[in-house]
Amino acid sequence: MRVMAQLAMVMNLDKCIGCHTCSVTCKQTWTNRSGVEYVWFNNVETRPGQGYPRRWEDQDHWRGGWRIDRRGRLVPHSGGRLKRLATLFANPVQPTVKDYYEPWTYEYRNLTTAPLGDDYPVARPRSLLSDKPMKIEWSANWDDNLGGLPENAGLDPMVARTRQRASEKVRFAFEDSFMFYLPRICEHCLNPSCVAACPSGALYKRSEDGIVLVDQDRCRGWRQCVTGCPYKKVYFNHRTGKAEKCTFCYPRTEVGLPTVCSETCVGRLRYLGVLLYDADRVAAAAATRDEHGLYPAQLDLFLDPEDPDVRAAAARDGVAHDWIEAARRSPVHALISTYRVALPLHPEFRTLPMVWYVPPLSPVVEALTETGFDGEDAGNLFGAIDTLRIPLEYLAELFTAGDVRPVRAALERLAAMRAHMRQVTFGETPDARTARSVGLSATELEDMYRLLALAKYEERYVIPTAAVGDAGRLEEAAVPEHCRLDEQGGPGMGGSGPFGDRSGRKALPLVSVEAFHGLRARHRTEREEPE
Amino acid sequence: MHILLWGALPYAAFALLVSGLWWRYRYDRFGWTTRSSEVYETRLLNLASPVFHYGILFVLAGHLTGLFVPASWTSAVGLTERPYHLFSLVGGTLAGVLTVAGLAVLVYRRRTNRPVFRATTRNDKAMYLLLGGALCTGMYAKLAHSTPAHGYDYRSTLAPWARSLFTLRPDLGAMADVPVAYQVHAVVGMVLIAVVPFTRLVHMFSAPWWYLARPYIVYRSRPAGRPAERPPRRGWESIDV
């Protein structure tokens, strides 16, 4: 056993209202530069829908992720080492910018500089790639809120697959249609196929926190990672010629702050925390033959931080003490392993993704209430899950490679929680059978309710800092080792290096510790507000 | 002039190549990339780019054999001048045609596809001119001095001169009677070698052989130092659109 720590995320889809705040704040923070106009490290897709880039889930076409070859070995879907080098001169299946969307701007200047006339001046769209006027035909969320249904619904690869298995359940007549939102970031997989595809070794998984990053100085722009990632979450910056991807906001998480998408999430649906896993068994889990076995296999990799043996092994393998402690309080561990309400996105890609999802139950409750039944009665709810407006089969294609059992179990736990808490709220004696029927205790249901419904800031985000992990070396961290002001590269030297502006290497100005704690204090003040 | 071209230029080109690569690696690792335009257009690229690259690899292999394998070695294994010439003529022409055709399609694509053209720098244009020049002068020199029966025997003039460069005693006399076309090609070639580090051609030195030997998943530790003290990364600064 080799214990490693991973910073992971869980999103509670019940709460996503599709406001795109996460996408917008992420873009403002990370991709508001030329060259990445078309890039959204975080995007919110309406399901069913084609997604961004279009039909990214269709791996028969895009060849992302891993597959088991004839000899039973795990190889990247896009080909092994020799094939990759042989096809290095032109990536055979790279999505072009049209598969995402052609970025554009508007001729705003025309609005103020047009000569006086009878007609209102208009700002025509202009392509940011060709600089020519263009017709806008697609964007990152063109089919938002089921736009284009029912014509386009069949283009969702998962709808196509669900129809093969349970054809009568997917209908797009207005009164039968269903939808939910799926926010997506990089999965920071345990077995990342983008890393495996990078010929330069520029992509890597950080051993401290499991974040997958691109070394911009080592990336040579071969674009194999773009193909390798089945989630299509590695992007090509067409100005710098380098790959870029979601960084899990590592400059923020390193100092204990949540990622921008989590921090700004209006629905408070994102959870961040540490998971301990056994790195030695990762390859075996990813190579599980049966696709339905991939979710249990990944679940089996996660170690229980309450187990003293696991804690001892973690300490032995160099996981910092406060990381182990954070793993015990981890909301992500609770939702994934303890309550088992969170599920991975597309485990069949065999990358062992680490951003998991609590499937949406609310549409069931709504539908039940509309038909005059008590929408939160456990018996009614359990029965209704199978006739869910969102077909279980569709959710299963997304989260468990088509196996409906884990999805139904997760939804039943959520339903049990609702029924239990309704009785508690109304002052009735909770029916113990409700909790027992889903394999949880009443206390666990109440803890789950606290985590999912109250969702306190400090409980949603349990992020150990890089700094405390390094405490030994950081005791003197408030001031630099020596005050460099006027030597080469020091703050007194101004902004330019030997070859003009921004050349050479410089140190960033130190962020003062006081400022960070001030920020922290402000967060806590918010928390103390009366409820 | 003779000394300058055949005694000084090769060393200058080589020195520029080495020092340029060192400089680029030291100060511009971020700019060291293929600068791919595949994200704009894939159809033509998927066709022409492999043709061009495999072609030019054969051309490179041909030059290495021609210049650095002495005629005495090939005769020793029983390969006489005539079959060698035929092999060099047919093989070289084939590789050259592939390369030139690939490059022609790539340049056509670069000129006609607007986003690709917009991403083309002046440096790129100069480089294409030089690269195309080297290819065309080379093809011309070979074909203008060859018939199927007999070709110009560069292995008794050019090749000894090229090999003598390594002993630091350039055999200037060997270059005296070389046809002008070959001379022009050699000069263009040397200039091309000299500018490699300063153009996008530098990506030829990042051929990822290491990929064949490494495990699929790469783990790396967080860089040492305090979180806030790390050097800033180029490419992440905001650029006004």
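All values below come from the heavy atoms of this structure, side chains included, with hydrogens, waters and symmetry mates left out. Labels below follow one simple rule: chain letters A, B, ... track the order of the sequence lines, proteins then strands, and each chain is numbered from 1.
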Contact origin within [X] toward chain B - heavy atom pairs under 4.5 Å:
{"X": "A:Tyr100", "result": "neither"}
{"X": "A:Leu88", "result": "side chain"}
{"X": "A:Asn191", "result": "both"}
{"X": "A:Pro251", "result": "neither"}
{"X": "A:Ala283", "result": "neither"}
{"X": "A:Cys194", "result": "neither"}

*Measure distances from B:Arg214 to the heavy atoms of chain A and classify the residue's part below 4.5 Å as side chain, backbone, both or neither.*
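Contact with chain A: backbone and side chain both.
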*Engaged part of B:Leu44 at the chain A interface, taking heavy atoms whose separation is under 4.5 Å*: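 For B:Leu44, there is no contact with chain A at all, as no heavy atom is under 4.5 Å.
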*Distance-only donor-acceptor check, side chains A:Trp62 and A:Thr227, under 3.5 Å*: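 Not at all, the side chains of A:Trp62 and A:Thr227 share no donor-acceptor pair under 3.5 Å.
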*Check the side chains of B:Thr34 and A:Arg220 for a donor-acceptor pair under 3.5 angstrom, ignoring hydrogens and angles.*
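The answer is no; no qualifying pair exists.
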*asked:* Determine whether a donor-acceptor pair (N or O, by modelled atom type, separation under 3.5 Å) exists between the side chain of A:Arg239 and the backbone of A:Ser34.
replied: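 The answer is no, because no donor-acceptor pair under 3.5 Å joins these two groups.
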*Spell out, as yes or no, whether a donor-acceptor pair under 3.5 Å connects the side chain of A:Thr31 to the backbone of A:Val39.*
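Here the side-chain-to-backbone pair exists.
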*Would B:Phe52 and A:Phe89 satisfy ring pair (Phe, Tyr, Trp, His ring centres under 6.0 Å), going step by step from the backbone distance to the final call?*
CA-CA 9 Å; B:Phe52 166 76; A:Phe89 301 133; 8.8 Å; no
_Counting neighbours of CZ on B:Arg111 that are heavy atoms of other residues, nucleotides or ligands and sit closer than 6.0 Å, is the number greater than 12?_
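Check fails, neighbour count at 12 or below.
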*Pick from B:Tyr219, B:Trp210, B:Trp209: which one has the most heavy-atom pairs with chain A under 4.5 Å?*
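Counting heavy-atom pairs under 4.5 Å, the top option is B:Tyr219.
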*In terms of heavy-atom pairs under 4.5 Å with chain A, which of B:Ser37, B:Ser36, B:Ser49, B:Ala119 leads?*
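Most pairs with chain A among the choices: B:Ser36.
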_Tell me if the centroids of the rings in A:Trp104 and A:Tyr38 come within less than 6.0 Å of each other._
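Between A:Tyr38 and A:Trp104, which both carry aromatic rings, the centre distance is not below 6.0 Å.
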With respect to chain B, which residue among [options] yields the maximal number of heavy-atom pairs within a distance under 4.5 Å?
{"options": "A:Gly241, A:Pro92, A:Gly35, A:Ala90", "result": "A:Ala90"}
{"options": "A:Asp131, A:Asp209, A:Leu82", "result": "A:Asp131"}
{"options": "A:Gly221, A:Pro199, A:Ser207, A:Gly210", "result": "A:Pro199"}
{"options": "A:Pro95, A:Cys198, A:Cys219", "result": "A:Cys198"}

*Any chance you could lay out the side chain to side chain donor-acceptor pair (under 3.5 Å) test for A:Ser200 and A:Arg218, step after step, and finish with the verdict?*
CA-CA 7 Å; A:Ser200 314; A:Arg218 277 183 75 170; over 6 Å; no
*Ionic contact status for A:Arg33 with A:Glu244, cut-off 4.0 Å*: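 Result for this pair is yes, salt bridge flagged.
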